[in-house]
Amino acid sequence: MGAIRFKLEAQCGRARAGVLTTPHGEVPTPVFMPVGTLATVKALTPHQVADTGASIILANAYHLFLRPGHKLVERAGGLHQFEKWPKSMLTDSGGFQVFSLTDLRKLTEEGVKFKSPIDGSTHFVSPEVSMEIQNSLGADIMMAFDECVPGMSSFETALEGVDRTTRWAERCIAAHKRPEDQALFGIVQGNVYPELRTRSAEALVPMDFPGYAIGGLSVGEPKDKMYPTLAHTTTLLPEGKPRYLMGVGMPEDLVVGAALGVDMFDCVLPTRLARHGAIFHPEGRLNIKNARYREDSGVLQEGCDCYTCQSGFERRYLNHLVRAEELLAHTLLSIHNIRYLVRLMESVRASILAGTFPESHKHYVPEEFWPLLGLAASIQPC
RNA sequence: GCGGGUGUAGCCAAGUGGUUAAGGCACCGGAUUGUGGUUCCGGCAUUCGAGGGUUCGAUUCCCUUCAUCCGCC
């Protein structure tokens, strides 16, 4: 018996609705997971995060390793206790920082030498170190330490990334100390090359991870590369295990991902956009600091059930808070944006259960991509 | 009233007798997908307080005037 259970409740074409059970509760899927890199979803209290309907959040092993240190978090009773988040939690391995901190690191077969962005000191992270960090942090789900190559890398570079990720995956499994209460997910790499995605999945699936992530997407490649790659990759993964598309959070991408059989998503977008004064809206993204909202007495989104909209905060007030760089702007806009994505996933899930997906959500997706959803000329109800 | 200084975009401000007048802030847009919390990319003065003169050519040199600041009566 592993740390998690995953039960599929319904399928609709390739889309799935399920329930992921972790030691810290149930997570209905498909699910959007807010990101709390440094043991906090920026600008929000745990209560506010939970109030958006989020049932699982992320933290980052590499960043917490640098500050305050994973041993300190362990002495504090683990991440749940440290940051007072009682629900499910997932830690990223630091693998993404291999990609995002590319000019501050040196990569070898053994691991990665990073230069700390905090004080310039150097630190070595390997699959074994990442497992040690994540075991100390104690999240319900931890991620393998992988190599994520940039969006439009050459086939050769992507191939190296795939094979290194495979070798590192074996080392992660061997180094993982708490499989009974922490589930370790493998990560499929391969950039936009279908044959490399196949190669990666064929190597990782026999390792029998309790869940599989799709990494190396939304890292600079265009959508007409990303979507077909995703469509191919989800067919390679085991039916009965959760699938997690890493780093994806645009509403249309969530709908496409769910339609292609993804169960979990995470993204910094809702909170980062909020801190830059932008919000999700059915008509597209709105930049609430634009001059045209200066006298706007409406709420962010008519009919939205988030705290910010329900409290009646007007656009002209939020415009002011953003311009004045008041902290409350970050809080109020983050709440709206996270709730927007959580609610989107709730409605996707309900439609899958009702058998009306993806027809019910196709308006989120540009028409040119409808064929990918199974929404060509003939729509297949399920 | 006298002596001196300064007038360049909404604000601070560089600059030169010669094609398109730095830069910063603000402002107006855009970007941001497993977060290096203050980032990146664009746009924004046909004109240098006003008027006149010298010159092939003036924001720059000269005169007048206006505004403003400092000091002395």
Side-chain angles (χ1 to χ4, degrees), chain A residues 32-44 56-64 66-67 89-105 114-120 123 130 134 139 141-151 165 185-189 211-223 226-227 230 244-254 256-257 262 264-280 284-294 319 322-327 329-331 334 337 341:
Chain A
F32 175 77
M33 309 182 284
V35 176
T37 302
L38 285 169
T40 166
V41 177
K42 296 184 195 304
L44 301 186
I56 174 170
I57 64 173
L58 263 69
N60 184 281
Y62 173 68
H63 290 294
L64 290 170
L66 290 181
R67 184 168 58 189
M89 192 170 289
L90 180 154
T91 44
D92 189 24
S93 63
F96 187 68
Q97 280 61 45
V98 176
F99 157 72
S100 66
L101 306 181
T102 182
D103 46 345
L104 287 178
R105 53 81 166 165
F114 287 102
K115 201 163 190 178
S116 164
I118 301 169
D119 60 7
H123 302 271
S130 178
Q134 294 189 77
I141 297 170
M142 37 196 264
M143 302 305 299
F145 189 66
D146 63 334
E147 184 192 351
C148 177
V149 301
T165 295
F185 280 23
I187 304 176
V188 175
Q189 286 291 344
Y212 285 90
I214 299 162
L217 287 180
S218 66
V219 285
E221 79 287 352
K223 300 215 182 208
M226 172 182 166
Y227 291 166
L230 181 60
Y244 163 26
L245 176 56
M246 306 186 79
V248 164
M250 290 185 183
E252 65 267 33
D253 296 346
L254 298 185
V256 171
V262 173
M264 306 161 68
F265 305 85
D266 82 282
C267 195
V268 303
L269 207 51
T271 44
R272 179 181 286 166
L273 285 183
R275 278 177 279 117
H276 290 82
I279 62 156
F280 291 125
R285 248 173 54 187
L286 304 183
N287 196 339
I288 215 66
K289 83 170 173 237
N290 281 173
R292 62 175 169 279
Y293 302 118
R294 199 161 213 154
N319 173 280
V322 171
R323 286 172 185 270
E325 296 179 48
E326 279 294 334
L327 301 180
H330 298 176
T331 301
S334 291
N337 283 344
L341 296 186

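Because only heavy atoms are used, hydrogens play no part in the values below, and waters and symmetry mates are left out as well, while side chains stay in. Note that this is a predicted model, so its numbers are computed, not measured. First the proteins, then the strands, lettered A, B, ... as listed; each starts at 1.
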Proximal nucleotide (of [options]) relative to the [X] side chain:
X      : options             : value
A/D266 : B/U32, B/G34, B/G36 : B/G34
A/T37  : B/G34, B/U35, B/G36 : B/U35
A/D253 : B/U33, B/G34, B/C28 : B/U33

Categorize [X] for me: base, sugar-phosphate, or nothing, with a 4.0 angstrom heavy-atom threshold over every strand shown.
X      : value
A/T271 : base
A/L104 : base
A/G120 : nothing
A/I118 : nothing
A/K223 : base
A/Q189 : base
A/D146 : base

Problem set entry | Nucleotide B/C40, atom P - distance to CZ of A/R275 in whole Å | 16 Å
Exercise. Rounded to the nearest 0.5 Å, how far does CG of A/L90 lie from CG of A/N60?
Worked result: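 Nearest 0.5 Å value for the CG-CG distance: 10.5 Å.
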Exercise. At what distance, to the nearest 0.5 angstrom, does CD1 of A/I118 lie from CG of A/L66?
Worked result: 5.0 Å
Exercise. So do the side chains of A/Q97 and A/F114 get within less than 4.5 Å of each other, counting heavy atoms only?
Worked result: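 Side-chain contact under 4.5 Å: yes.
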Exercise. Quick one: are A/I141 and A/I56 in side-chain contact, heavy atoms under 4.5 Å?
Worked result: yes
Roughly how far apart, to the nearest Å, are [N] and [M] at atom [atom1]?
N     : M     : atom1 : result
B/C44 : B/A22 : P     : 11 Å
B/G57 : B/U19 : C1'   : 12 Å
B/G17 : B/C66 : C1'   : 26 Å
B/G52 : B/G71 : C1'   : 31 Å
B/U20 : B/C25 : C1'   : 24 Å

Listing time: all N or O pairs from protein to nucleotides 42-45 of chain B that are below 3.5 Å?
none

Exercise. Of all residues at least two apart in sequence or in a different chain, which pass the side-chain hydrogen bond (donor to acceptor under 3.5 Å, both in side chains) check with A/R285?
Worked result: none
Seminar exercise, completed: For A/E252, the side-chain hydrogen bond (donor to acceptor under 3.5 Å, both in side chains) test, sequence neighbours excluded, returns A/K223
Exercise. When you look for runs of 3 or more Watson-Crick or G-U pairs in a row, both distances below 3.5 Å, which of them include RNA chain B?
Worked result: B:1-7 with B:66-72, B:10-12 with B:23-25, B:27-31 with B:39-43, B:49-53 with B:61-65
Under the ring-ring contact (aromatic ring centres under 6.0 Å, His included) test, residues paired with [X] that sit two or more places apart:
X      : result
A/F265 : none
A/Y212 : A/F209
A/Y293 : none

Exercise. Taking OP1 and OP2 of B/G34, is either one under 4.0 Å from a side-chain nitrogen or oxygen of A/Q97?
Worked result: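 So the side-chain polar atoms of A/Q97 never come under 4.0 Å of the phosphate oxygens OP1 or OP2 of B/G34.
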Problem set entry | OP1 or OP2 of B/G37 under 4.0 Å from side-chain N/O of A/R272 |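 No, outside the criterion.
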Problem set entry | Pairwise side chain to side chain donor-acceptor pair (under 3.5 Å) hits with a residue in residues 264-278 of chain A, at least two apart | A/Y244-A/D266
Distance-only donor-acceptor pairs under 3.5 Å for side chains of residues 142-150 of chain A, two or more places apart:
{"residue": "A/D146", "atom": "OD2", "partner": "A/Q189", "partner atom": "NE2", "Å": "2.7"}
{"residue": "A/E147", "atom": "OE1", "partner": "A/R164", "partner atom": "NE", "Å": "3.0"}

Distances for protein N/O vs nucleotides 29-31 of chain B N/O pairs under 3.5 angstrom?
{"residue": "B/G29", "atom": "OP1", "partner": "A/A291", "partner atom": "N", "Å": "2.9"}
{"residue": "B/G29", "atom": "OP2", "partner": "A/N290", "partner atom": "ND2", "Å": "3.4"}
{"residue": "B/G30", "atom": "OP2", "partner": "A/N290", "partner atom": "OD1", "Å": "3.2"}
{"residue": "B/G30", "atom": "OP2", "partner": "A/N290", "partner atom": "ND2", "Å": "3.3"}

Problem set entry | Which residues share a side-chain contact (heavy atoms from CB on, under 4.5 Å) with A/R292, sequence neighbours left out |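 By the side-chain contact (heavy atoms from CB on, under 4.5 Å) rule, A/R292 matches A/N290.
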Exercise. Quick one: on RNA chain B, does A/H63 or A/G249 contact a more 5' nucleotide (nearest heavy atom)?
Worked result: A/G249
Problem set entry | Residue whose closest nucleotide on RNA chain B lies nearer the 5' end, A/L273 versus A/H330 | A/L273
Exercise. Are the side chain of A/R294 and the backbone N or O of A/N319 linked by a donor-acceptor pair below 3.5 Å?
Worked result: no
Report all interatomic pairs (protein N or O, nucleotide N or O of nucleotides 24-26 of chain B) with separations under 3.5 Å.
none

